[in-house]
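Model, not experiment: these values are computed from the prediction. So that the names make sense, note that chain A is the first sequence line, chain B the second, and so on, each numbered from 1.
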There are 2 protein chains.
Amino acid sequence: MRADAQKNYDHLLAIARDVFTEQGVDASLRDVARRAGVGLGTLYRHFPTREALLEALLRASFDELTAKAKESETSNSPAEALVSWLRDVVTVAHSPRGVVASMAAAIADENSALHASCVTMKAAGARLLVRAQASGLARSDLEGADLFALVGALAWIHDQPSLAPRADYLFRLIAGAILTSRSRNDAECD
Amino acid sequence: MRADAQKNYDHLLAIARDVFTEQGVDASLRDVARRAGVGLGTLYRHFPTREALLEALLRASFDELTAKAKESETSNSPAEALVSWLRDVVTVAHSPRGVVASMAAAIADENSALHASCVTMKAAGARLLVRAQASGLARSDLEGADLFALVGALAWIHDQPSLAPRADYLFRLIAGAILTSRSRNDAECD
DNA sequence: ACCTGAACACCGTTCAAGT
DNA sequence: ACCTGAACACCGTTCAAGT
């Protein structure tokens, strides 16, 4: 990439981060280009779709989450590894506001620029779930897709100002529903 | 209201129901007016905001839900009354697509045309919850607002085509988390 | 190679002019 | 009273023209 192009690319990304953080994921792309001091066509050249821009913004976070899931696979507490990872995913999925809907759409749409990172992350989470299930610590009828749906639901709650104050409580409620009673009280049935 | 105005009002409502059902709650109001064969100003005269139009479309459903909650208050199964009512609310809240976000916003915004019906409904649900809690059948740390948040979360899942197939399963998962074990197995602790 | 911004087809909202 | 549609200020997306 030519030096001037690289500079525009980086600057657009930085501005887009600000604008999306302020206004959510449906913010005006025109506004992004304007605030970056760049022609509208330059934005479209570097990021042909809104998803491509989001992907560039979020890739690092997705990669971190995938990496964290892999590391946790060897931890000695499969239940805690799963819940802690879910909490991190929820945090990423509700910032910027509205991004979780893009993620859900990306999983179904192979052509979305977000598809690959979302699917990879979903698969990494599914492995944490299988491991917890194998130890009898998570409900056995839960599927990988359910994990993503519950993360999405919790991120949606975070996105609604009127509901956000109870989001942490509801996370614990749902985490409790994912885990079996065995994982919360090992002595119970032994 | 003059007869011609009444006719426009009714026709706009019928067309809006179709358009919102097809395209979700963010559908073009211009398109609604166009398909109703009516000037754009006529739509805005009858429904000054999108919320006013939604309210006219959904009022009957909201009223039914409020009435159903009141009837169930005398049923002899507080737990089942709560869960069955929640299921009905989720059904209303995800049709048309996206309406649940409007409902969440309306609860926080006193000036929204949807505010009154949402608050009334939320309160009716909260009473069902209190009753179930009084019998020890529902988690005691749950609040009325949490009920609404969970309904919203489930409706959001319904709205995502990739997640909808598991929505019923996840409803049962969350309903199970709301209820206490006592309500699922009364003999357990007696 | 890369950038620009006009052009096109939309949108929500308002309001002067009509009946 | 009520209706109409032009007008205004936006938007996403494309692409000919420039450097």
Measure from [atom1] on [X] to [atom2] on [N] and round the result to the nearest Å.
| X | N | atom1 | atom2 | answer |
| --- | --- | --- | --- | --- |
| A/Tyr9 | C/dC3 | OH | P | 13 Å |
| B/Gln23 | C/dG12 | CD | C1' | 15 Å |
| A/Phe47 | C/dC3 | CZ | C1' | 15 Å |
| B/Gln6 | D/dA1 | CD | C1' | 14 Å |
| B/Asp26 | D/dC11 | CG | C1' | 14 Å |
| A/Asp31 | D/dT13 | CG | P | 15 Å |
| A/Leu53 | D/dT13 | CG | P | 12 Å |
| B/Lys7 | D/dC3 | NZ | C1' | 14 Å |

Partner nucleotide, any strand, of D/dC10 [Watson-Crick/G-U, under 3.5 Å]: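 When the pairing criteria are applied, nothing turns out to pair with D/dC10, so the answer is none.
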So what's C/dT19 paired with, Watson-Crick or G-U wobble, going by both distances under 3.5 Å? D/dA1
Respond yes when some side-chain nitrogen or oxygen of [X] is under 4.0 Å from OP1 or OP2 of [N], and no when none is.
| X | N | value |
| --- | --- | --- |
| A/Asn8 | C/dC2 | no |
| B/Arg2 | D/dC2 | no |
| A/Arg34 | D/dC10 | no |
| B/Arg30 | C/dG12 | no |
| A/Ser28 | D/dG12 | yes |
| B/His46 | D/dC3 | yes |

Quick check for you: among [options], whose closest atom lies nearest to any side-chain atom of [X]?
| X | options | value |
| --- | --- | --- |
| A/Arg45 | C/dC3, D/dC2, D/dG12 | C/dC3 |
| B/Tyr44 | C/dC2, C/dG12, D/dC2 | C/dG12 |
| B/Asp4 | C/dT13, D/dC2, C/dA1 | D/dC2 |
| A/Thr42 | C/dC3, C/dT13, D/dG12 | C/dC3 |

Do the ring planes of B/His158 and B/His94 sit parallel (below 30°), tilted (30 to 60°) or perpendicular (above 60°)?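 Geometry flag for B/His94 against B/His158: parallel rings.
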To the nearest 0.5 Å, tell me how far [X] [atom1] sits from [Y] [atom2].
| X | Y | atom1 | atom2 | answer |
| --- | --- | --- | --- | --- |
| A/Arg166 | B/Phe148 | CZ | CZ | 15.0 Å |
| A/Ile107 | A/Leu114 | CD1 | CG | 10.0 Å |
| B/Glu55 | B/Ser102 | CD | OG | 12.5 Å |
| B/Trp85 | B/Lys68 | CH2 | NZ | 9.5 Å |

Starting from the 5' end of DNA chain D, give me the residue, B/Leu40 or A/Arg50, whose nearest nucleotide shows up first.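 This one resolves to B/Leu40.
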Sugar-phosphate, base or nothing in reach of B/Ala27, heavy atoms under 4.0 Å: sugar-phosphate
Let me know which of B/Val92, B/Val151, B/Val89, B/Asp63 forms a side-chain contact (heavy atoms from CB on, under 4.5 Å) with B/Met121. B/Val89
